[in-house]
Amino acid sequence: MATYTLKRSPGVAERFRIDYRGELNDAQYQAATTLQGPVLVVAGAGSGKTRTLVYRVARLVETGVSPRAILLLTFTRRAAQEMLRRAEGLLEGTLEGVTGGTFHSFANTVLRRYAKLFGWPEQFTILDRSDSEDTVQLARVRLGLDKKERRFPRKQALAAMFSTAVNKALTVTEVIEREYPHLATEIEDILRCYAAYVEYKQERNLLDYDDLLTQLRDRLSGEPEFANRLGQVFRYLMVDEYQDTNSLQADIVALLARPHGNVMAVGDDAQSIYGFRGANFKNIMTFPDRFPGTQVITLEENYRSTQPILDVTNAIIAAAAERYSKTLRSRRAGGVRPVLVPAPDENFQSRFVCQRILELAEEGIPLAEIAVLFRSSFHSFDLELELVRAGVPFVKRGGFKFLETTHVKDVLAHLRVLANPRDAVSWHRILLLLEGIGPRAAEAILEWMSEPGRPRAALGEFPGALRGAALISLRRLAGLMATLDPEERRPAELVGQVIEHYQPILERLHREDAPKRLRDLEQFAVLAERYRSLGRLLADMALEPPSDSVGDVLAVDAREDELLTLSTVHSAKGLEWHTVFVIWVADGRFPSLYSLDEEEIEEERRLMYVACTRAKENLVLSYPLAVHDRVLGFTMARPSRFLDDVPSQLFEPVTLVEAE
DNA sequence: TACAAGTAAGTTTTT
DNA sequence: CTTACTTGTA
């Protein structure tokens with residue numbers, strides 16, 4: 001197809017409502033106003049990266065680009081929304097139509113929209129991690145690999161291997177050789193399991209997270225019409241957090257940009273923290289090779305933190321083995337030194353943090369401006385108890401979500417078979433909940449149900465031999481399926497019906513804490529009110545689950561803006577607070593005990609860097625001197641090795657003493 | 001064949 | 001704390 005380029009009429013594009021020159025520094029201005037061709041922005045922490053992206057979106061729209069032609073791939077949907085909200089505020093005029101989201105959610109949207117083009121069924125179900133694990137387990141049982149001696153890996157380990165292979169562009173065999181050498185003897189069975197898993201997904205229209213990406217890539221490279229249409233729709237591509245993309249995602253970016261070459265990648269190699277799922281921060285180094293003619297722009301001025309904080313973070317990252325060299329300089333005067341606090345044990349640490357937070361609140365710092373960060377989500381358990389005791393309301397980000405609890409997943413499974421009747425994983429789950437039905441019976445029923453022309457409600461007519469209780473509960477389920485009508489009922493109504501059906505099951509299975517779990521389900525029903533389509537609800541639950549963890553019931557009556565944040569460092573990326581506490585800055589916790597290889601240590605270092613660069617005014621690092629280990633009892637802890645690289649005079653030392 | 005109860009072992013970070 | 005696997009009973 002020949003292209004004919006229309007010239008922009010002079011005079012129209014010359015006048016902008018926004019004073020880009022005045023509101024951005026030179027590097028930011030250059031990034032925001034370079035609209036054509038490939039651009040790489042290497043943006044240090046706090047250097048106004050989001051601001052720059054926001055202004056660039058505004059600039060594109062002001063020069064006459066339709067918002068619909070702009071595609072913003074960010075790390076979380078929250079980041080995309082935040083960006084659009086700010087751009088909206090800037091331009092008042094409407095930015096409606098800008099597409100934004102994660103690679104996964106974008107893949108989901110376009111694969112569904114163009115499903116007909118490549119002869120796919122309209123409905124496919126997305127498997128989240130634990131669904132994938134369950135599916136692997138089904139494949140494993142089917143192959144008779146569950147009756148083996150104890151050496152055979154469990155479902156989590158298997159699913160992790162398969163995923164690693166996809167995300168690091170390796171074969172399963174290579175992954176085992178590199179990362180699971182002790183399983184070398186099992187390779188054959190593991191590969192059989194993998195093949196069964198792949199086949200199972202294909203038969204049942206199931207896509208796991210990795211399939212979303214591989215399918216998008218393969219359709220883009222294999223279906224010219226699809227690639228062309230997308231290329232015509234999305235003519236300006238922006239990718240945030242580029243250092244956290246893996247080679248699969250980098251391929252997708254290249255394929256999307258191929259028709260027009262307008263792609264801006266923004267990132268910071270020093271903040272690459274997703275290597276464990278295949279991200280390769282070298283992507284950002286090789287971007288200019290991949291896109292010839294790339295303009296590289298570096299943002300080094302920091303607007304977030306005070307200089308004493310930057311002195312510490314610069315020292316931490318200076319010891320990194322490999323990186324683009326840049327040293328952040330603060331634009332902000334003054335500031336106090338970060339504080340380093342050794343605590344006698346974990347509970348001292350918790351009490352210290354809690355007490356300081358209360359004092360800061362007293363001084364007028366809003367709780368929403370304070371965060372406590374940690375390496376792994378269980379590190380905050382003790383602190384959470386302390387905060388509840390002190391009546392400090394908080395939200396916890398990262399870690400276990402309430403969507404991942406068994407009871408919520410059970411309810412979701414009922415909804416999923418409505419959207420995709422072939423979703424055998426969900427059927428399996430539902431059937432096993434019934435009294436008197438175990439794996440054998442479930443398998444037989446599914447087999448029978450899979451014959452064409454059997455509606456969901458036909459369950460009750462299953463001819464196989466079943467005991468009394470099983471027959472009754474199966475009929476009851478059939479009754480529910482007959483009533484549920486996804487065409488007629490709103491998602492929230494469906495959820496209500498399912499909960500009603502599920503309540504007695506829940507009471508039988510979890511006698512102890514049924515009321516607590518029921519409250520979670522009510523919470524879920526409330527959440528479902530926001531949706532008009534069941535498909536949308538299910539896709540969101542898999543791709544963009546609500547980020548709050550289980551059990552911040554305390555937060556119910558506190559206002560959103562009056563909550564303290566507890567967060568894993570991973571979930572804190574891109575955010576900032578007036579005061580940041582980092583707890584458990586001890587070797588074995590941060591860096592994690594499980595990440596002691598050379599490359600992994602480098603990533604842990606970057607993670608520490610990300611944690612500390614979240615702070616604007618106050619940074620407080622603490623670690624317990626004695627650690628309680630379930631096996632070893634109390635042992636001595638050593639401060640994080642990353643502190644060794646920081647000259648001690650950069651810290652304000654503090655000693656904790658108990659009141660008389 | 002289903003299930004309760006008991007033992008043993010694995011536990012990072014996220015889409 | 002969860003889940004995987006075993007054993008004993010209906």
Side-chain angles (χ1 to χ4, degrees), chain A residues 73-78 101-108 126-134 137 140-141 146-157 160 163 166-167 207-213 241 244-246 248-249 272-279 373-379 381 397-401 404-406 431-432 434-444 464-470 473 508-509 511 513 539-545 547 550 567-573 584 588-596 600 603-604 606-608 610-611 630-631:
Chain A
L73 292 174
T74 54
F75 210 67
T76 60
R77 191 176 50 180
R78 216 170 74 231
T102 60
F103 279 88
H104 291 87
S105 66
F106 175 68
N108 174 52
I126 299 163
L127 304 177
D128 66 19
R129 196 187 56 188
S130 74
D131 298 327
S132 311
E133 289 167 1
D134 292 347
Q137 180 69 1
R140 197 183 136 181
V141 171
D146 55 332
K147 296 275 189 290
K148 293 197 46 150
E149 56 278 25
R150 304 202 143 198
R151 291 306 318 164
F152 201 71
R154 6 182 96 211
K155 61 179 185 179
Q156 283 100 328
S163 181
V166 174
N167 285 294
L207 295 189
D208 64 22
Y209 286 143
D210 304 328
D211 294 327
L212 283 171
L213 299 184
E241 311 280 13
D244 287 323
T245 56
N246 59 33
L248 189 49
Q249 291 163 321
S272 168
I273 56 175
Y274 282 96
F276 69 91
R277 67 169 205 215
L373 307 183
F374 32 85
R375 172 64 180 85
S376 310
S377 81
F378 71 90
H379 293 169
F381 289 168
R397 311 230 181 256
F400 211 69
K401 318 288 193 307
E404 291 163 18
T405 55
T406 24
L431 290 172
L432 285 179
L434 302 179
E435 205 169 358
I437 294 183
R440 269 290 162 76
E443 196 68 14
L466 289 175
R467 282 192 291 171
S473 53
R508 178 171 61 87
L509 259 35
R511 223 169 308 238
D513 53 355
D540 267 16
M541 291 309 119
L543 294 172
E544 300 283 351
S547 56
V550 197
S567 175
T568 59
V569 180
H570 284 92
S571 298
K573 121 165 303 199
W584 277 112
R589 301 289 168 137
F590 203 164
S592 161
L593 200 60
Y594 305 101
S595 303
L596 298 178
E600 291 168 330
E603 179 150 319
E604 297 282 318
R606 295 191 292 267
L607 204 48
M608 180 66 81
V610 168
R630 222 168 359 115
V631 188

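Note that these values count all heavy atoms, side chains included, but never hydrogens, waters or copies made by symmetry. The structure presented is a predicted model; accordingly, all values stated were derived computationally and were not measured. Naming convention: chains lettered A, B, ... in sequence-line order (proteins, then strands); numbering from 1 in each chain.
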Residue [X], side-chain heavy atoms: nucleotide from [options] that is nearest:
X	options	result
A:Arg154	B:dT15, B:dG10, B:dT13	B:dG10
A:Ser376	C:dA4, B:dT14, B:dT12	B:dT12
A:Tyr209	B:dT15, B:dT13, B:dT11	B:dT15
A:Arg440	B:dT12, B:dT15, B:dA2	B:dA2
A:Arg140	C:dC5, B:dG10, B:dT12	C:dC5
A:Gln156	C:dA4, B:dT14, B:dT12	C:dA4

Is [X] touching bases, backbone alone, or none of the nucleic acid, heavy atoms closer than 4.0 Å?
X	answer
A:Glu603	nothing
A:Thr102	sugar-phosphate
A:Ala441	sugar-phosphate
A:Leu212	nothing
A:Tyr274	sugar-phosphate
A:Ser595	base

How close or far is atom [atom2] of [N] from atom [atom1] of [X], stated in whole angstroms?
X	N	atom1	atom2	answer
A:Arg397	B:dT15	CZ	P	12 Å
A:Lys155	B:dT11	NZ	P	14 Å
A:Tyr594	B:dT12	OH	P	6 Å
A:Glu241	B:dT13	CD	P	19 Å
A:Asp131	B:dT15	CG	C1'	13 Å
A:Glu443	B:dT1	CD	P	12 Å
A:His104	B:dT14	NE2	P	14 Å
A:Ile273	B:dT15	CD1	P	11 Å

For [N], does OP1 or OP2 lie under 4.0 Å from any side-chain N or O of [X]?
X	N	value
A:Thr568	B:dT14	yes
A:Ser592	B:dT13	no
A:Ser105	B:dT15	no

State, to 0.1 Å, how close [X] and [Y] come at their nearest heavy-atom pair, and which atoms those are.
X	Y	result
A:Leu432	A:Gly438	CD2-C, 3.4 Å
A:Ala539	A:Asn108	CB-ND2, 3.6 Å
A:Ile126	A:Ala542	CG2-CB, 3.8 Å
A:Ser132	A:Leu127	OG-CB, 3.8 Å
A:Glu604	A:Ser595	OE2-OG, 3.2 Å
A:Ser272	A:Asp244	CA-OD1, 3.6 Å

Does the base of B:dT13 carry an N or O that pairs as donor and acceptor with the side chain of A:Arg277 under 3.5 Å?
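Answer is no: no donor-acceptor pair is held.
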
Measure up the A:His570 and A:Phe276 rings against each other and bin them: parallel (under 30°), tilted (30 to 60°), perpendicular (over 60°).
perpendicular

I want to confirm an ordering. Mapping A:Asp210 and A:Ala157 to their closest nucleotides on DNA chain B, which one lands closer to the 5' end?
A:Ala157

Relative to the 5' end of DNA chain B, which residue comes earlier, A:His570 or A:Gly438, by the nucleotide with the nearest heavy atom?
A:Gly438

A:Glu603 and A:Arg606 ion-paired at < 4.0 Å:
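Looking at A:Glu603 and A:Arg606, the cut-off is met.
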
For A:Val569 and A:Phe590, run side-chain contact (heavy atoms from CB on, under 4.5 Å): C-alpha distance rounded to whole Å, both residues' side-chain angles, the deciding distance at 0.1 Å, then the answer.
CA-CA 11 Å; A:Val569 180; A:Phe590 203 164; 3.9 Å; yes

Given Watson-Crick and G-U pairs under 3.5 Å, DNA chain B in dot-bracket ([ ] crossing, | other strand) is ||||||||||.....

